[in-house]
Structures are given as structure tokens and as C-alpha cells.
Amino acid sequence: MKATDVRDFVGKMIKELADSTATSEEMALTIERAKATGGLVQQYVSLAKVELDAARLYAEHGVIPESIEAPKDGRPQLRAVGGR
């Protein structure tokens with residue numbers, strides 16, 4: 001999943017929350033999904049920050065935490081944000 005995918009999904013949730021034609025039941029379900037989405041987005045952002053911090057540590061000091069996969073050839077592997 002890319003950051004743009006997350007952004008698009010959050011935008012969709014905002015539109016659904018703003019839907020004035022939704023019934024009370026539909027809005028209740030949308031609110032519950034939005035709450036769950038908010039929690040997942042927070043975790044996604046936290047993970048992205050950890051990956052960026054690990055990349056900075058590697059770039060500055062040549063070391064990387066054991067919990068992050070080390071580069072196979074001794075050089076950092078560049079990849080798109082979101083893991084692709």
C-alpha cells in the first residue's frame with residue numbers, strides 16, 4: 001500500500017462522513033469505520049516514521065536496527081514509500 005492509497009481512502013471516509021443523505025444507521029456504520037480507519041492510519045504513519053529513522057541511521061552511521069532488514073549488498077536499497 002502506498003501513501004497515496006492511504007490518502008485516497010481517508011478522503012473517501014471524509015466524503016462519506018459528510019454525506020447528508022445517509023440514514024442514521026448508515027452514518028453510525030460510517031462513523032465506526034472512520035474510527036477504525038483513523039487508528040490504522042496512525043499505525044501506518046508511525047511505521048513510516050520508523051522506516052525513515054532507520055534509513056537516516058543507516059545513511060549517517062552505516063548501522064541499522066536488527067528489527068529492520070539490513071541491505072543485502074551493504075548498500076541501502078531505495079524503494080518507494082509504502083514498500084513498493
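All values below were derived from every heavy atom in this structure, side-chain atoms included, with hydrogens, water molecules and symmetry-related copies excluded.
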With sequence neighbours excluded, residues passing salt bridge (Lys or Arg N to Asp or Glu O under 4.0 Å) with Asp19:
none
For Met13, what are the other residues in its hydrophobic cluster, where any two members join if their side-chain heavy atoms are less than 4.5 angstrom apart?
Phe9
Quick check: is Tyr44 connected to Ile14 through a chain of hydrophobic side chains (ILVMFWY, heavy atoms under 4.5 Å apart)?
yes
Do Gln42 and Val45 come within less than 4.5 Å of each other through their side chains, counting heavy atoms only?
no
Side chain to side chain donor-acceptor pair (under 3.5 Å) against Asp8, all qualifying residues, sequence neighbours excluded:
none
Non-neighbouring partners of Ser46 that pass side chain to side chain contact (heavy atoms under 4.5 Å, CB included), sequence neighbours left out:
none
Could you give the distance from CG (Leu47) to CG (Leu52), rounded to the nearest 0.5 Å?
9.5 Å
I'd like to know whether Gln43 forms a side-chain contact (heavy atoms from CB on, under 4.5 Å) with Leu40, so could you lay out the CA-CA distance, the side-chain angles of the two residues, the decisive distance to 0.1 Å, and finally the verdict.
CA-CA 5 Å; Gln43 291 301 314; Leu40 291 171; 5.6 Å; no
Under a 4.0 Å N-O cut-off, is there an ion pair linking Asp53 with Arg56?
yes
Show the atom names and distances, to 0.1 Å, of all donor-acceptor pairs under 3.5 Å that link a side chain in residues 30-39 to residues at least two apart or in another chain.
unit_1	atom_1	unit_2	atom_2	d
Thr30	OG1	Glu26	O	2.9
Arg33	NH2	Glu16	OE1	2.4
Thr37	OG1	Arg33	O	2.8

